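Here the structure is laid out as structure tokens; the discussion comes afterwards.
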Amino acid sequence: MARFELKLPKMGESVAEATITNWLKEVGDKIEADEAVLEIATDKVDSEVPSEVSGILVEQLFGKDDLVQVGQTIAIIETEGGETANPEAVNAVQETAAPAEAVEIEKTIESVKETVTSHDFSGSDKFFSPLVKNIAKEEGLSLSELENIAGSGKDGRVTKEDILKYVEARKSGSVQAPQTVEAAPKVVAEIPKTETPKAVEPVVQKSQQAVPVSVNGADEIVEMDRMRKLISGYMVASVQTSAHVQSFIEVDVTNIVKWRDKVKAAFEKREGEKLTFTPIMMEAVAKALKDFPGMNISVDGDYIIKKKNINLGMAAALPNGNLIVPVIKNADQLNLVGMAKAVNDLGNRAKAGKLKPDDTQGGTYTVTNVGTFGSVFGTPIINQPQVGILALGAIRKVPAVIETPEGDFIGIRQKMFLSHSYDHRVVDGALGGSFVKRVAEYLEAFDVDRDF
């Protein structure tokens, strides 16, 4: 029988890894070509991995919640017929490894199987990356051990290097694994002499977080879904990373409202697309970013990365209440028709759950429309590692002072607020305020005689 290695496919230019969320086929199941074998998830998008061949699944090389790199083999499929999986063929995949490595792999697999029920890290109120949790699971670390590792990352976060050093010290006997979760002693990871010395402070052990209980018996307790947990972690991390500051400006968009009312029917008839206010706003933001490239940057430690392309993130609410940010690539190169098509395409595919991983990658600046829900303005949280995000408030009819050569008078105008949140580590008030003012100037100077 021929053996086919099912690998994690490339999912986009900047997507390097994914988490397995569910196996749709089990060992021994028959698989048809192009049939989905498993479900995976990147930071924002869920998708399926289909088989390129027909055959029988004989081995799953990773389990649920494991982190897999692009190009790694995730399953073995036996082709050219066969009703059941051959146990000897299933184990043959490890024969190419050195005997010592094969033994170590087998020990790791057995360890994970034996401790799977005791290695649930979801009860911790500390943040651990999927890679760190994957290493902890493979090495048989308990929740209390993982929580007691002194992290060298930002805000004490445990990094890959931290957990590997701890595992090495644990194997050498420098530290002892706690006997129980409830009575685990404090852990001081002693760094082996072969590693670069680093001070490791003991961390006071935290008790495992219990599932909340309804006091009156009437409250419903629901665990966050995977995407909400990710969003929660990103938002907290962003606030802890960036020094958020806001600037607000009111914009008169009366001309834009009148122009759109005049042309939207003809636009839809000619282009087959609805014309909303969002692409008009995106067009103005892209122009302003070209004028102020200091807003089109990202931060990596002590370094500023100046982005060549202007890729606008477009925050979109999903039917289940979660949020996703698809990206309009090279937004400054699109005319209004192209911008409208991009906005509608990404928005529709986001609601239908059909976004590809690359659709949410590479953003350099983000726009969110809080006015959709009636909000006048808001203070959005920056989408890391970007340094700014613009919130579009609701368009309202308000009385306003109108200046004319004959004097000032009161009239009814269509106005909205722009709320600009920016990272004060690298963006000062002069740049942050000037940028949002330039967006407002482009909107107020909108040409009512332009074609679409």
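Just the heavy atoms: all of them, side chains too, but no hydrogens, waters or symmetry mates, feed the values below. Note that the structure is predicted; figures quoted are calculated from it, not measured.
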I need the [X] [atom1] to [Y] [atom2] distance, nearest 0.5 Å.
{"X": "Phe62", "Y": "Thr73", "atom1": "CZ", "atom2": "OG1", "value": "8.0 Å"}
{"X": "Leu8", "Y": "Ile20", "atom1": "CG", "atom2": "CD1", "value": "8.0 Å"}
{"X": "Leu346", "Y": "Thr360", "atom1": "CG", "atom2": "OG1", "value": "10.0 Å"}
{"X": "Leu275", "Y": "Met339", "atom1": "CG", "atom2": "CE", "value": "12.0 Å"}
{"X": "Leu334", "Y": "Ile310", "atom1": "CG", "atom2": "CD1", "value": "11.0 Å"}
{"X": "Phe277", "Y": "Met282", "atom1": "CZ", "atom2": "CE", "value": "15.0 Å"}

Does anything in residues 309-324 pair up under salt bridge (Lys or Arg N to Asp or Glu O under 4.0 Å), and if so which pairs, sequence neighbours excluded? none
Nearest heavy-atom neighbours spanning [X] and [Y]:
{"X": "Ala350", "Y": "Leu318", "answer": "O-CD2, 3.2 Å"}
{"X": "Leu6", "Y": "Ser51", "answer": "CD1-CA, 4.2 Å"}
{"X": "Leu392", "Y": "Asn369", "answer": "O-OD1, 3.2 Å"}
{"X": "Gly378", "Y": "Ala391", "answer": "O-CB, 4.4 Å"}
{"X": "Ile249", "Y": "Ala440", "answer": "CD1-CB, 4.0 Å"}
{"X": "Gln386", "Y": "Thr366", "answer": "OE1-OG1, 2.8 Å"}

Find out whether [X] and [Y] are in side-chain contact, i.e. whether some heavy atom of one side chain is under 4.5 Å from a heavy atom of the other.
{"X": "Leu289", "Y": "Leu312", "value": "yes"}
{"X": "Leu431", "Y": "Met295", "value": "yes"}
{"X": "Glu145", "Y": "Asn148", "value": "no"}
{"X": "Glu17", "Y": "Val68", "value": "no"}
{"X": "Ile328", "Y": "Asn311", "value": "no"}
{"X": "Met314", "Y": "Val325", "value": "no"}
{"X": "Ile56", "Y": "Ile31", "value": "no"}
{"X": "Ile40", "Y": "Thr19", "value": "no"}

Start with the C-alpha gap between Lys229 and Glu223, add the side-chain angles, then the distance that decides, and say whether salt bridge (Lys or Arg N to Asp or Glu O under 4.0 Å) holds. CA-CA 9 Å; Lys229 290 177 182 178; Glu223 184 180 5; 2.7 Å; yes
Inspect the contact between [Y] and [X] and indicate whether a charged nitrogen and a carboxylate oxygen are less than 4.0 angstrom apart.
{"X": "Lys329", "Y": "Asp358", "answer": "yes"}
{"X": "Asp359", "Y": "Arg349", "answer": "yes"}
{"X": "Asp252", "Y": "Arg413", "answer": "yes"}
{"X": "Glu5", "Y": "Lys7", "answer": "yes"}
{"X": "Arg170", "Y": "Glu139", "answer": "no"}

With Asn344 as reference, evaluate Lys274, Glu273, Glu271 under the side chain to side chain donor-acceptor pair (under 3.5 Å) test and give the passing residue. Glu273
Start with the C-alpha gap between Met416 and Met281, add the side-chain angles, then the distance that decides, and say whether side-chain contact (heavy atoms from CB on, under 4.5 Å) holds. CA-CA 12 Å; Met416 66 181 294; Met281 306 296 173; 3.5 Å; yes
Take Gln333 and Asn330, measure what side-chain contact (heavy atoms from CB on, under 4.5 Å) needs, and give me the verdict at the end. CA-CA 6 Å; Gln333 300 178 20; Asn330 299 310; 3.9 Å; yes
Verify side-chain contact (heavy atoms from CB on, under 4.5 Å) between Lys307 and Ser298, making sure each step is shown before the conclusion. CA-CA 7 Å; Lys307 299 295 186 177; Ser298 65; 3.4 Å; yes
Flag for [Y]-[X]: side-chain donor and acceptor within less than 3.5 Å:
{"X": "Thr364", "Y": "Asn296", "result": "yes"}
{"X": "Glu283", "Y": "Tyr442", "result": "no"}
{"X": "Ser238", "Y": "Gln384", "result": "yes"}
{"X": "Ser421", "Y": "Gln246", "result": "yes"}

Test log, rule side-chain contact (heavy atoms from CB on, under 4.5 Å), inputs Glu39 and Trp23: CA-CA 6 Å; Glu39 295 175 340; Trp23 280 95; over 6 Å; no
Could you tell me whether the side chain of His244 and the main chain of Ile382 form a donor-acceptor pair under 3.5 Å? yes
Check whether any side-chain N or O of Ser375 sits under 3.5 Å from a backbone N or O of Gly371 as a donor-acceptor pair, and report yes or no. no
Parallel, tilted or perpendicular: ring planes of Phe248 versus Phe377, cut at 30 and 60 degrees: tilted
Atom NZ of residue position Lys437 - does it have more than 12 heavy atoms of other residues, nucleotides or ligands inside 6.0 Å? no
Kindly check if the number of other-residue, nucleotide or ligand heavy atoms within 6.0 Å of CD (Glu52) is above 12? no
Go through the structure and list residues passing side chain to side chain donor-acceptor pair (under 3.5 Å) with Asp225, not counting sequence neighbours. Asn322
Under 6.0 Å between ring centres: does that hold for His420 and Phe435? yes
Ring centres under 6.0 angstrom apart (Phe292, Tyr365): no
Set of residues satisfying salt bridge (charged side-chain N to carboxylate O under 4.0 Å, His left out) with respect to Asp66, sequence neighbours excluded: none
